[in-house]
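Data first, discussion second: the structure below is written as C-alpha cells.
Note that ligands are numbered from 1 as they come in the structure, with each ligand's atoms numbered from 1 the same way.
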Amino acid sequence: MFAIRQLLLLIATAMAAAVTCDCSQTLTSQLLQTVVSAQPNDNVIVSPISIETCLALAYLGAEGQTAAELATSLQLPQAGDKRAVAQKFGRLFEKTKSATGTATFRLANRIYIDERFQVSPQYNAYAVDQMHANAESVRFADAAATAANINSWVEAETDNKIRDLIPANGLDANTALVLVNALYFKAKWVNQFHNHTTTRRHFHESAARKVEVDMMKQTDDFLYGDFPELDATAVELAYLDTDVSMLVLLPKSVDGLADLEAKLKSVDLTKLSTAMRTEEVILHLPKFKFEFELELKPVLEQFGITSMFSDEADFSSLLAAQEKVAVSQAQHKAFIEVNESGTEAAAATYLKIVPLSASFQQQTYQFVADHPFVFAIKDNENVYFVGHVTHF
Ligand SMILES: *[C@@H]1O[C@H](CO)[C@@H](O)[C@H](O)[C@H]1NC(C)=O
Ligand SMILES: *[C@@H]1O[C@H](CO)[C@@H](O)[C@H](O)[C@H]1NC(C)=O
C-alpha cells in the first residue's frame, strides 16, 4: 500500500450526482472539500451515492426542519414528494442490476428495527416497497450479536470487502433502528492491462519524495482531456458490460493536488467526459488497494444537515408509534482495488437511530485515535516512555 498524492481517483458513474447542480453544493463536492482534500497524506475513498442513499432512507421518515435540511442538501427531486424520492432511489437500485456479464454492480438497503418498534405504514410503502429496504426485527439488547448480524449482511452484499462496519460495542439496548446501505462494484476494463507490462516505477508522493510502485502500462484509445483551467489532464477508463467508468484526474505539477481539489468544488465530475475526446494514450497507472473509514456526523453537519442529530430531530413519519428519535451515529466505510484486470470497490453506510429521551441524557463520548497522538507510559511518579504516533 502506498500513498497516492498526485492522483485523485474517482469512480464516475452516470448515476453519481444530481443532473443539474450548483456544484459547490452537492454531497460529492462537499466530500471532496471536507474529507478528501482535508487528508492530503492519506489515501481516501468515499462513496457519495452510498451516503446519499442512506440519508434518503432517513428522509423518508423525516418531517419538518429535519426533512427540509435533507431535501435541500441532497437536492432531492420535487422536495416534499416522498414518493418521487423513493422512486428516484428505487431506479438507482434497478440501474445497478442492469450491469450484466462480467460486471457486478449491487446496491442494497436494509432496515434493522428493534422488536419494541414498527415502521409506519407510509414509511413501509416508500422505503421497503420502492427502495427495497427490507425491515428486519432485531433485539438491540443483544447488541454484539445484532452488530454481527448486520455486519454479516454487509459482508455478503460487498463480497467481504466491507467487514466490521459496526463495532461490537457500537450498538446498545437503547438503539431503535439502524439504516444501512451497501454498495459493491466489480468490473473488468474494456482495455485490460497485460500483467507482464507492469513494472516497478517511481511514484512521486511529493516533489521531494518518491517511492517505487507497481506501475501498469498500456497504449490504447482512451477518452482524454486537457483542462488548462484545472491545470490537469484527465483520462477515462471504461469498464466492460456497464456504462460505469473511472475518471482519473492528474495535476500537471507534482504538488498540484490541493489546487486541483480546490478547483473541483465547482466541477460536475459526471459531466467532465463530455469535454474529452478519444485519443491514443500511453497510460501509466499504479495498481493500488486500500480502505478508508469516516465518521459522517461532522461532515454532514458542515453540509447543513444538523437537525437530525439534535434534540429537534423530527422523524415523526418513521415509526408506527409516536416515539421521538434522532440519529446518534453516522458511519461510512469504503474499499477499492485497481489492477490490470479491472476494479473492485465497495462501500457501506449506516445511521444509528435512538429514542431522544435516552440519547441526550446518556451522552457517550468517543475516543477515536485516528490522527496523530501523543502517548506516555507512566505511573504516579514517573514517565517511563513518551512519544507520539503520526503515521503508519
Ligand atoms: C494476470 O494475473 C492474474 C493473477 O495473477 C490472472 O488472474 C490473470 O488471468 C492474468 N492476466 C493475464 C492477461 O495474463
Ligand atoms: C485484480 O483484482 C481482482 C479482485 O478485484 C482479482 O480477482 C484479480 O485476480 C486481480 N488481477 C490481477 C492481475 O492481479
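The other residues sharing a hydrophobic cluster with Val178 are Tyr112, Val138, Phe140, Ile150, Trp153, Val154, Ile162, Leu165, Ile166, Leu171, Val180, Phe335, Tyr350, where clustering joins ILVMFWY side chains under 4.5 Å apart.
Using bins of under 30°, 30° to 60° and over 60° for the plane-to-plane angle, the ring pair Phe193/Trp189 lands in the perpendicular bin.
Residue contact check: Asn339 has heavy atoms under 4.0 Å from atoms 1 (C), 2 (O), 3 (C), 8 (C), 10 (C), 11 (N), 12 (C), 14 (O) of ligand 2. Close approach of ligand 2 to Asn195 is summarised as follows: ligand atoms under 4.0 Å from at least one heavy atom of the residue are 13 (C).
By heavy-atom distance, the residue among Lys289, Lys161, Lys186, Glu344 lying nearest atom 7 (O) of ligand 2 is Lys186.
Applying the ring pair (Phe, Tyr, Trp, His ring centres under 6.0 Å) rule to Phe93 yields the partners His132; only residues at least two apart in sequence or on another chain are considered.
Under the side-chain contact (heavy atoms from CB on, under 4.5 Å) test applied with Glu291, the options Lys161, Lys333, Glu337 reduce to a single match, Lys333.
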